[in-house]
Amino acid sequence: MFQGKNLTCVRGERIVFQDLNFDLAEGGALVLIGPNGAGKSSLLRLMAGLLAPAEGSLLWKGENTLDDFDEHALRLHYVGHHDAVKPVLTGLENVRFWSGVRGGKIDDEHILGALDAFDAGRLADVAGRFLSAGQKRRVNLARIIAAPAPLWLLDEPTTALDRASIGLLDTAIRKHRESGGAVVLSTHADIDLDAATVMDLADFAATHPLGYPFAGAA
Amino acid sequence: MGQFIFLIRRDLSLAFRQGMDSVMVVVFFVIAVVLFPFGVGPEPGVLERISAGVIWVAALLAAMLSLERLFQTDYEDGSLELLALSSLPMEVTVLAKVVAHWITTGLPLIVAAPVLAVLMQMDAGGFGVLILALLLGTPSLSLIGAVGAALILGSRRGGVLLSLLVLPLYIPVLIFGVSAVDGAIGGYEYQAQLMILGGFFAGSLALAPFAGAAGLRQSLE
(Lines give C-alpha, C1' and ligand atoms only; values in the text may rest on other atoms or scores of the structure.)
Protein backbone atom coordinates (compact mmCIF):
# COMPACT_ATOMS: atom_id res chain seq x y z
CA MET A 1 0.00 0.00 0.00
CA PHE A 2 2.74 2.45 0.98
CA GLN A 3 6.19 2.01 -0.48
CA GLY A 4 9.48 3.82 -0.40
CA LYS A 5 12.06 3.19 -3.08
CA ASN A 6 15.76 4.02 -2.89
CA LEU A 7 15.14 6.86 -0.49
CA THR A 8 18.03 9.13 0.32
CA CYS A 9 17.70 11.87 2.87
CA VAL A 10 20.14 14.77 3.00
CA ARG A 11 20.14 17.18 5.92
CA GLY A 12 22.57 20.08 6.08
CA GLU A 13 24.63 18.67 3.20
CA ARG A 14 25.11 15.36 5.00
CA ILE A 15 23.51 12.08 4.04
CA VAL A 16 21.36 10.84 6.90
CA PHE A 17 20.44 7.56 5.21
CA GLN A 18 20.56 6.26 1.68
CA ASP A 19 19.09 3.52 -0.52
CA LEU A 20 16.32 2.85 1.94
CA ASN A 21 13.40 0.72 0.77
CA PHE A 22 10.26 -0.25 2.60
CA ASP A 23 6.92 -1.75 1.69
CA LEU A 24 4.02 -1.38 4.06
CA ALA A 25 0.92 -3.51 3.48
CA GLU A 26 -2.60 -2.84 4.73
CA GLY A 27 -2.65 -3.56 8.43
CA GLY A 28 1.13 -3.52 8.43
CA ALA A 29 3.44 -1.99 10.96
CA LEU A 30 6.96 -0.73 10.57
CA VAL A 31 9.02 -0.04 13.66
CA LEU A 32 12.01 2.23 13.19
CA ILE A 33 14.91 1.80 15.56
CA GLY A 34 18.43 3.11 15.54
CA PRO A 35 20.75 5.37 17.48
CA ASN A 36 20.13 9.11 17.85
CA GLY A 37 20.68 10.89 14.57
CA ALA A 38 20.17 7.76 12.49
CA GLY A 39 17.28 9.48 10.73
CA LYS A 40 14.17 8.03 12.35
CA SER A 41 12.46 11.39 12.59
CA SER A 42 13.72 12.42 9.16
CA LEU A 43 12.26 9.29 7.60
CA LEU A 44 8.89 9.91 9.27
CA ARG A 45 8.87 13.54 8.10
CA LEU A 46 9.82 12.36 4.65
CA MET A 47 6.91 9.90 4.66
CA ALA A 48 4.60 12.70 5.79
CA GLY A 49 5.76 14.93 2.95
CA LEU A 50 7.17 17.54 5.31
CA LEU A 51 10.63 16.82 3.88
CA ALA A 52 11.43 16.07 0.28
CA PRO A 53 13.71 13.10 -0.41
CA ALA A 54 17.01 13.94 -2.11
CA GLU A 55 16.59 10.81 -4.18
CA GLY A 56 14.04 8.05 -4.51
CA SER A 57 10.29 8.06 -4.39
CA LEU A 58 7.37 7.36 -2.13
CA LEU A 59 4.41 5.53 -3.59
CA TRP A 60 0.90 5.21 -2.23
CA LYS A 61 -0.94 2.42 -4.04
CA GLY A 62 1.44 2.96 -6.94
CA GLU A 63 0.99 6.74 -7.10
CA ASN A 64 3.82 9.10 -6.31
CA THR A 65 2.91 10.95 -3.11
CA LEU A 66 4.86 14.04 -4.14
CA ASP A 67 2.45 14.61 -7.03
CA ASP A 68 -0.30 15.82 -4.75
CA PHE A 69 0.85 16.92 -1.32
CA ASP A 70 -2.61 17.88 -0.07
CA GLU A 71 -4.11 14.56 -1.04
CA HIS A 72 -1.30 12.64 0.64
CA ALA A 73 -1.60 14.76 3.78
CA LEU A 74 -5.20 13.64 4.27
CA ARG A 75 -4.18 9.97 4.19
CA LEU A 76 -1.93 10.27 7.18
CA HIS A 77 -1.64 11.37 10.75
CA TYR A 78 1.72 12.60 11.95
CA VAL A 79 2.64 12.77 15.61
CA GLY A 80 5.91 14.60 16.02
CA HIS A 81 7.95 15.76 18.98
CA HIS A 82 5.58 18.63 19.71
CA ASP A 83 2.04 18.07 20.83
CA ALA A 84 0.32 21.06 19.21
CA VAL A 85 -1.83 21.53 22.30
CA LYS A 86 -2.83 25.17 22.68
CA PRO A 87 -2.45 26.39 26.27
CA VAL A 88 -5.68 28.40 26.29
CA LEU A 89 -7.91 25.78 24.70
CA THR A 90 -9.33 22.85 26.65
CA GLY A 91 -8.51 19.26 25.78
CA LEU A 92 -11.84 18.93 24.00
CA GLU A 93 -11.37 22.13 22.00
CA ASN A 94 -7.87 21.14 20.97
CA VAL A 95 -8.98 17.78 19.61
CA ARG A 96 -12.10 19.27 18.04
CA PHE A 97 -10.02 21.79 16.13
CA TRP A 98 -7.66 19.20 14.70
CA SER A 99 -10.57 16.96 13.77
CA GLY A 100 -12.53 19.80 12.18
CA VAL A 101 -9.64 21.20 10.20
CA ARG A 102 -9.33 17.83 8.48
CA GLY A 103 -13.03 17.72 7.81
CA GLY A 104 -13.71 15.19 10.59
CA LYS A 105 -16.62 15.07 12.97
CA ILE A 106 -16.70 17.80 15.62
CA ASP A 107 -19.65 16.95 17.87
CA ASP A 108 -18.80 16.69 21.58
CA GLU A 109 -19.76 13.04 21.87
CA HIS A 110 -17.41 11.98 19.09
CA ILE A 111 -14.49 14.00 20.45
CA LEU A 112 -15.07 12.70 23.98
CA GLY A 113 -15.02 9.17 22.58
CA ALA A 114 -11.64 9.87 21.01
CA LEU A 115 -10.29 11.28 24.27
CA ASP A 116 -11.60 8.24 26.15
CA ALA A 117 -9.55 5.96 23.94
CA PHE A 118 -6.53 7.36 25.80
CA ASP A 119 -8.33 7.69 29.12
CA ALA A 120 -8.23 11.46 28.67
CA GLY A 121 -11.96 12.11 29.08
CA ARG A 122 -11.23 13.87 32.35
CA LEU A 123 -8.98 16.30 30.49
CA ALA A 124 -11.80 17.47 28.22
CA ASP A 125 -12.48 20.59 30.30
CA VAL A 126 -8.91 21.26 31.36
CA ALA A 127 -7.04 24.05 29.63
CA GLY A 128 -3.88 22.95 27.80
CA ARG A 129 -1.57 24.96 30.03
CA PHE A 130 -2.51 22.84 33.05
CA LEU A 131 -1.70 19.54 31.33
CA SER A 132 1.45 17.58 32.07
CA ALA A 133 3.68 16.38 29.23
CA GLY A 134 2.10 12.94 29.28
CA GLN A 135 -1.42 14.34 29.35
CA LYS A 136 -0.65 16.61 26.39
CA ARG A 137 0.65 13.60 24.51
CA ARG A 138 -2.58 11.74 25.22
CA VAL A 139 -4.67 14.67 23.97
CA ASN A 140 -2.48 14.75 20.87
CA LEU A 141 -2.98 11.02 20.32
CA ALA A 142 -6.75 11.42 20.74
CA ARG A 143 -6.59 13.73 17.73
CA ILE A 144 -5.55 10.86 15.45
CA ILE A 145 -8.52 8.78 16.60
CA ALA A 146 -10.98 11.64 16.12
CA ALA A 147 -10.39 12.01 12.36
CA PRO A 148 -9.54 8.61 10.89
CA ALA A 149 -6.71 8.30 8.36
CA PRO A 150 -5.24 5.09 6.96
CA LEU A 151 -1.60 5.82 7.76
CA TRP A 152 -0.23 6.72 11.16
CA LEU A 153 3.28 8.14 11.42
CA LEU A 154 4.26 8.24 15.06
CA ASP A 155 7.58 9.71 16.10
CA GLU A 156 8.43 8.24 19.50
CA PRO A 157 4.78 8.24 20.54
CA THR A 158 5.53 6.70 23.93
CA THR A 159 7.60 9.66 25.13
CA ALA A 160 6.23 10.92 28.47
CA LEU A 161 3.49 8.28 28.53
CA ASP A 162 2.98 6.12 31.61
CA ARG A 163 2.71 2.34 31.41
CA ALA A 164 -1.09 2.33 31.33
CA SER A 165 -1.19 4.86 28.50
CA ILE A 166 1.33 2.86 26.47
CA GLY A 167 -1.08 -0.06 26.84
CA LEU A 168 -3.90 2.13 25.50
CA LEU A 169 -1.72 3.19 22.58
CA ASP A 170 -1.03 -0.49 21.89
CA THR A 171 -4.76 -1.16 21.80
CA ALA A 172 -5.41 1.83 19.55
CA ILE A 173 -2.72 0.71 17.11
CA ARG A 174 -4.07 -2.85 17.09
CA LYS A 175 -7.58 -1.62 16.30
CA HIS A 176 -6.23 0.68 13.63
CA ARG A 177 -4.36 -2.22 11.99
CA GLU A 178 -7.34 -4.56 12.24
CA SER A 179 -9.38 -2.03 10.28
CA GLY A 180 -6.78 -2.04 7.52
CA GLY A 181 -4.68 0.90 8.63
CA ALA A 182 -0.91 0.95 8.57
CA VAL A 183 1.43 2.40 11.15
CA VAL A 184 5.04 3.50 11.15
CA LEU A 185 6.57 4.37 14.46
CA SER A 186 9.98 5.14 15.80
CA THR A 187 10.81 3.95 19.27
CA HIS A 188 13.47 3.03 21.73
CA ALA A 189 11.83 -0.36 22.16
CA ASP A 190 9.25 0.15 24.85
CA ILE A 191 6.34 -0.92 22.68
CA ASP A 192 6.00 -4.26 20.93
CA LEU A 193 3.61 -4.79 18.09
CA ASP A 194 2.55 -8.13 16.63
CA ALA A 195 3.95 -9.00 13.24
CA ALA A 196 5.77 -5.73 12.83
CA THR A 197 8.72 -5.22 10.54
CA VAL A 198 11.64 -3.79 12.44
CA MET A 199 13.99 -1.55 10.51
CA ASP A 200 17.29 -0.42 11.95
CA LEU A 201 18.18 2.86 10.29
CA ALA A 202 21.84 2.40 11.16
CA ASP A 203 21.89 -0.15 8.29
CA PHE A 204 21.24 2.61 5.79
CA ALA A 205 23.86 5.04 6.99
CA ALA A 206 25.96 6.67 4.30
CA THR A 207 28.61 4.33 2.94
CA HIS A 208 31.13 7.09 2.42
CA PRO A 209 32.91 7.72 5.72
CA LEU A 210 32.29 11.47 5.57
CA GLY A 211 28.75 10.98 4.45
CA TYR A 212 28.88 13.63 1.75
CA PRO A 213 25.97 13.55 -0.65
CA PHE A 214 26.25 11.41 -3.72
CA ALA A 215 29.71 10.26 -2.69
CA GLY A 216 28.73 6.77 -3.81
CA ALA A 217 28.23 7.93 -7.38
CA ALA A 218 31.71 9.42 -7.64
CA MET B 1 -14.52 26.95 2.93
CA GLY B 2 -15.82 25.38 6.14
CA GLN B 3 -12.30 24.65 7.32
CA PHE B 4 -11.18 28.16 6.37
CA ILE B 5 -13.81 29.67 8.69
CA PHE B 6 -12.99 27.02 11.29
CA LEU B 7 -9.34 28.10 11.35
CA ILE B 8 -10.27 31.80 11.58
CA ARG B 9 -12.60 31.09 14.49
CA ARG B 10 -9.93 29.11 16.29
CA ASP B 11 -7.41 31.93 15.87
CA LEU B 12 -9.97 34.46 17.04
CA SER B 13 -10.82 32.46 20.15
CA LEU B 14 -7.10 32.04 20.86
CA ALA B 15 -6.65 35.80 20.51
CA PHE B 16 -9.62 36.63 22.73
CA ARG B 17 -8.58 34.23 25.45
CA GLN B 18 -5.00 35.40 25.44
CA GLY B 19 -6.41 38.89 25.16
CA MET B 20 -3.21 40.76 25.77
CA ASP B 21 -1.93 40.80 22.21
CA SER B 22 -4.61 42.95 20.64
CA VAL B 23 -4.99 45.15 23.71
CA MET B 24 -1.24 45.75 23.66
CA VAL B 25 -1.35 46.77 20.02
CA VAL B 26 -4.06 49.36 20.59
CA VAL B 27 -2.43 50.70 23.74
CA PHE B 28 0.88 51.03 21.91
CA PHE B 29 -0.89 52.86 19.09
CA VAL B 30 -2.54 55.29 21.51
CA ILE B 31 0.63 55.93 23.52
CA ALA B 32 2.79 56.41 20.43
CA VAL B 33 0.40 59.04 19.07
CA VAL B 34 -0.07 60.73 22.45
CA LEU B 35 3.70 61.24 22.69
CA PHE B 36 3.67 63.67 19.78
CA PRO B 37 1.75 66.55 21.40
CA PHE B 38 4.24 66.30 24.27
CA GLY B 39 7.18 66.22 21.90
CA VAL B 40 6.29 68.97 19.43
CA GLY B 41 4.20 71.16 21.71
CA PRO B 42 0.49 71.83 21.62
CA GLU B 43 0.36 74.47 18.87
CA PRO B 44 -2.71 73.58 16.81
CA GLY B 45 -1.14 74.41 13.46
CA VAL B 46 1.79 72.02 13.90
CA LEU B 47 -0.21 69.09 15.25
CA GLU B 48 -2.89 69.50 12.63
CA ARG B 49 -0.29 69.50 9.88
CA ILE B 50 1.38 66.26 11.02
CA SER B 51 -1.72 64.46 12.34
CA ALA B 52 -2.31 62.15 9.38
CA GLY B 53 1.34 61.17 9.16
CA VAL B 54 1.68 60.50 12.87
CA ILE B 55 -1.44 58.36 13.00
CA TRP B 56 -0.37 56.34 9.99
CA VAL B 57 3.20 55.80 11.19
CA ALA B 58 1.96 54.78 14.63
CA ALA B 59 -0.52 52.38 13.01
CA LEU B 60 2.27 50.79 10.94
CA LEU B 61 4.46 50.29 14.00
CA ALA B 62 1.56 48.95 16.06
CA ALA B 63 0.63 46.47 13.33
CA MET B 64 4.29 45.36 13.23
CA LEU B 65 4.29 44.60 16.96
CA SER B 66 1.89 41.73 16.73
CA LEU B 67 3.20 40.25 13.49
CA GLU B 68 6.08 38.40 15.06
CA ARG B 69 3.68 36.08 16.82
CA LEU B 70 1.49 35.46 13.78
CA PHE B 71 3.06 32.06 13.03
CA GLN B 72 5.57 31.84 15.88
CA THR B 73 3.41 30.07 18.46
CA ASP B 74 2.08 27.59 15.91
CA TYR B 75 5.63 26.97 14.74
CA GLU B 76 6.92 26.34 18.25
CA ASP B 77 4.21 23.99 19.44
CA GLY B 78 4.07 21.89 16.28
CA SER B 79 0.69 23.17 15.13
CA LEU B 80 2.17 24.50 11.92
CA GLU B 81 3.26 21.02 10.79
CA LEU B 82 -0.20 19.71 11.45
CA LEU B 83 -1.79 22.65 9.65
CA ALA B 84 0.46 21.86 6.69
CA LEU B 85 -0.86 18.29 6.82
CA SER B 86 -4.51 19.36 7.07
CA SER B 87 -6.87 19.48 4.15
CA LEU B 88 -6.30 23.22 3.74
CA PRO B 89 -3.72 24.32 1.20
CA MET B 90 -0.93 26.28 2.89
CA GLU B 91 -1.97 29.44 1.01
CA VAL B 92 -5.45 29.27 2.50
CA THR B 93 -3.98 28.69 5.95
CA VAL B 94 -1.93 31.86 5.57
CA LEU B 95 -4.98 33.80 4.40
CA ALA B 96 -7.08 32.55 7.32
CA LYS B 97 -4.42 33.57 9.82
CA VAL B 98 -4.11 36.98 8.16
CA VAL B 99 -7.86 37.53 8.36
CA ALA B 100 -7.83 36.64 12.06
CA HIS B 101 -4.81 38.91 12.59
CA TRP B 102 -6.53 41.81 10.87
CA ILE B 103 -9.73 41.36 12.90
CA THR B 104 -7.81 41.31 16.18
CA THR B 105 -5.31 44.10 15.42
CA GLY B 106 -6.25 46.08 12.30
CA LEU B 107 -9.87 46.59 13.24
CA PRO B 108 -9.16 47.90 16.78
CA LEU B 109 -6.65 50.36 15.29
CA ILE B 110 -9.31 51.70 12.95
CA VAL B 111 -11.73 52.11 15.85
CA ALA B 112 -9.12 53.99 17.89
CA ALA B 113 -7.92 56.19 15.03
CA PRO B 114 -10.72 58.85 15.02
CA VAL B 115 -10.27 59.42 18.76
CA LEU B 116 -6.57 60.02 18.22
CA ALA B 117 -7.39 62.23 15.26
CA VAL B 118 -9.36 64.47 17.62
CA LEU B 119 -6.40 64.51 19.99
CA MET B 120 -4.11 65.54 17.14
CA GLN B 121 -6.58 68.30 16.24
CA MET B 122 -7.12 66.90 12.79
CA ASP B 123 -9.73 68.74 10.74
CA ALA B 124 -13.05 66.91 11.00
CA GLY B 125 -13.21 66.73 7.22
CA GLY B 126 -10.39 64.18 7.27
CA PHE B 127 -11.98 61.67 9.65
CA GLY B 128 -14.05 59.82 7.11
CA VAL B 129 -11.17 59.48 4.67
CA LEU B 130 -8.79 58.47 7.48
CA ILE B 131 -11.08 55.57 8.37
CA LEU B 132 -11.56 54.63 4.73
CA ALA B 133 -7.83 54.77 4.05
CA LEU B 134 -7.10 52.65 7.12
CA LEU B 135 -9.79 50.18 6.08
CA LEU B 136 -8.09 49.78 2.73
CA GLY B 137 -4.53 50.02 4.04
CA THR B 138 -4.41 47.88 7.18
CA PRO B 139 -5.35 44.61 5.41
CA SER B 140 -2.36 45.18 3.12
CA LEU B 141 -0.19 45.67 6.21
CA SER B 142 -1.34 42.33 7.62
CA LEU B 143 -0.87 40.56 4.29
CA ILE B 144 2.61 41.93 3.60
CA GLY B 145 3.52 41.37 7.23
CA ALA B 146 2.52 37.72 7.00
CA VAL B 147 5.21 37.14 4.38
CA GLY B 148 7.81 38.61 6.73
CA ALA B 149 6.41 36.66 9.68
CA ALA B 150 6.72 33.41 7.70
CA LEU B 151 10.29 34.18 6.67
CA ILE B 152 11.59 34.87 10.18
CA LEU B 153 10.41 31.55 11.65
CA GLY B 154 13.24 29.75 13.34
CA SER B 155 15.57 32.75 13.43
CA ARG B 156 16.76 34.36 16.62
CA ARG B 157 15.89 38.02 17.19
CA GLY B 158 13.09 37.53 14.69
CA GLY B 159 11.26 40.68 15.71
CA VAL B 160 14.05 43.03 14.64
CA LEU B 161 14.60 41.14 11.42
CA LEU B 162 10.89 41.29 10.75
CA SER B 163 10.80 45.08 10.97
CA LEU B 164 13.78 45.32 8.63
CA LEU B 165 12.02 43.09 6.13
CA VAL B 166 8.56 44.53 6.35
CA LEU B 167 8.79 48.26 7.10
CA PRO B 168 10.33 49.20 3.73
CA LEU B 169 7.45 47.39 2.04
CA TYR B 170 4.99 49.46 4.07
CA ILE B 171 6.25 52.75 2.65
CA PRO B 172 3.90 52.90 -0.37
CA VAL B 173 0.88 52.26 1.84
CA LEU B 174 2.08 55.00 4.17
CA ILE B 175 2.61 57.53 1.36
CA PHE B 176 -0.80 57.08 -0.21
CA GLY B 177 -2.59 56.67 3.10
CA VAL B 178 -1.26 59.98 4.40
CA SER B 179 -1.75 61.75 1.11
CA ALA B 180 -5.40 60.68 0.91
CA VAL B 181 -6.12 62.12 4.36
CA ASP B 182 -4.15 65.31 3.70
CA GLY B 183 -5.98 65.69 0.41
CA ALA B 184 -9.37 65.42 2.09
CA ILE B 185 -8.38 67.95 4.74
CA GLY B 186 -7.05 70.40 2.17
CA GLY B 187 -10.11 70.04 0.01
CA TYR B 188 -8.34 68.30 -2.87
CA GLU B 189 -9.14 65.11 -4.71
CA TYR B 190 -8.40 61.98 -2.69
CA GLN B 191 -10.18 59.26 -4.66
CA ALA B 192 -7.06 58.42 -6.64
CA GLN B 193 -5.03 57.73 -3.48
CA LEU B 194 -7.80 55.54 -2.12
CA MET B 195 -7.89 53.63 -5.38
CA ILE B 196 -4.16 53.07 -5.23
CA LEU B 197 -4.53 51.81 -1.65
CA GLY B 198 -7.25 49.49 -2.95
CA GLY B 199 -4.85 48.38 -5.65
CA PHE B 200 -2.18 47.56 -3.07
CA PHE B 201 -4.76 45.59 -1.13
CA ALA B 202 -5.83 43.63 -4.20
CA GLY B 203 -2.21 43.01 -5.20
CA SER B 204 -1.11 41.85 -1.77
CA LEU B 205 -4.25 39.73 -1.41
CA ALA B 206 -3.29 37.94 -4.60
CA LEU B 207 0.43 37.55 -3.91
CA ALA B 208 1.04 37.48 -0.15
CA PRO B 209 -0.66 34.12 0.58
CA PHE B 210 1.60 32.41 -1.95
CA ALA B 211 4.75 34.09 -0.69
CA GLY B 212 3.76 33.41 2.91
CA ALA B 213 3.02 29.75 2.17
CA ALA B 214 6.41 29.37 0.48
CA GLY B 215 8.04 30.86 3.58
CA LEU B 216 6.18 28.47 5.87
CA ARG B 217 7.13 25.45 3.78
CA GLN B 218 10.73 26.56 3.95
CA SER B 219 10.52 26.77 7.75
CA LEU B 220 9.18 23.21 7.99
CA GLU B 221 12.06 21.66 6.03
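Every value quoted in this text rests on a predicted model; they were computed, and no experiment measured them. Letters go in sequence order (proteins before strands), and every chain restarts at 1.
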Q: At what distance, to the nearest 0.5 angstrom, does CG of A:D70 lie from OG of B:S86?
A: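 Between atom CG of A:D70 and atom OG of B:S86 there are 8.0 Å.
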Q: List the atom of B:L82, the atom of A:Y78, and the distance in Å for their closest heavy-atom pair.
A: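 The pair with the smallest heavy-atom distance is CD2-O, 3.4 Å.
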Q: Kindly compute the distance separating CD (B:E221) from CZ (A:R11), expressed to the nearest 0.5 Å.
A: 7.0 Å
Q: Pick whichever of A:A84, A:G100, A:A73 has the most heavy-atom pairs under 4.5 Å with chain B.
A: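 Counting heavy-atom pairs under 4.5 Å, the top option is A:A84.
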Q: Heavy-atom cut-off 4.5 Å, strictly under: side chain, backbone, both or neither for A:E71 against chain B?
A: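 Contact with chain B is absent: no heavy atom of A:E71 under 4.5 Å.
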Q: Output all residues satisfying side-chain contact (heavy atoms from CB on, under 4.5 Å) with B:T93, sequence neighbours left out; order by chain, then residue number.
A: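 B:T93: side-chain contact (heavy atoms from CB on, under 4.5 Å) contacts with B:L7, B:L83, B:L88.
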Q: What's the shortest heavy-atom distance between A:R102 and B:L85, and which atoms?
A: NH1-O, 3.3 Å
Q: Using heavy-atom distances under 4.5 Å, tell me whether A:V79 contacts chain B through its side chain, its backbone, both, or neither.
A: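 For A:V79, neither part sits under 4.5 Å from chain B.
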Q: If we define contacts as heavy-atom pairs under 4.5 Å, which of B:S87, B:G78, B:A84, B:G2 has the most with chain A?
A: B:S87
Q: Run the numbers on A:F97 and B:R9 for side chain to side chain contact (heavy atoms under 4.5 Å, CB included), then give the verdict.
A: CA-CA 10 Å; A:F97 171 71; B:R9 280 179 49 193; over 6 Å; no
Q: Relative to chain A, which segment of B:S13 carries a heavy atom at a distance below 4.5 Å: side chain, backbone, both, or neither?
A: side chain
Q: Which region of A:R143, side chain (C-beta onward) or backbone (N, CA, C, O), has a non-hydrogen atom less than 4.5 Å from a non-hydrogen atom of chain B, or is it both or neither?
A: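 For A:R143, the side chain is the part near chain B, not the backbone.
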Q: Anything in residues 123-136 of chain A with a heavy-atom distance to chain B below 4.5 Å? Please list those residues in order.
A: none
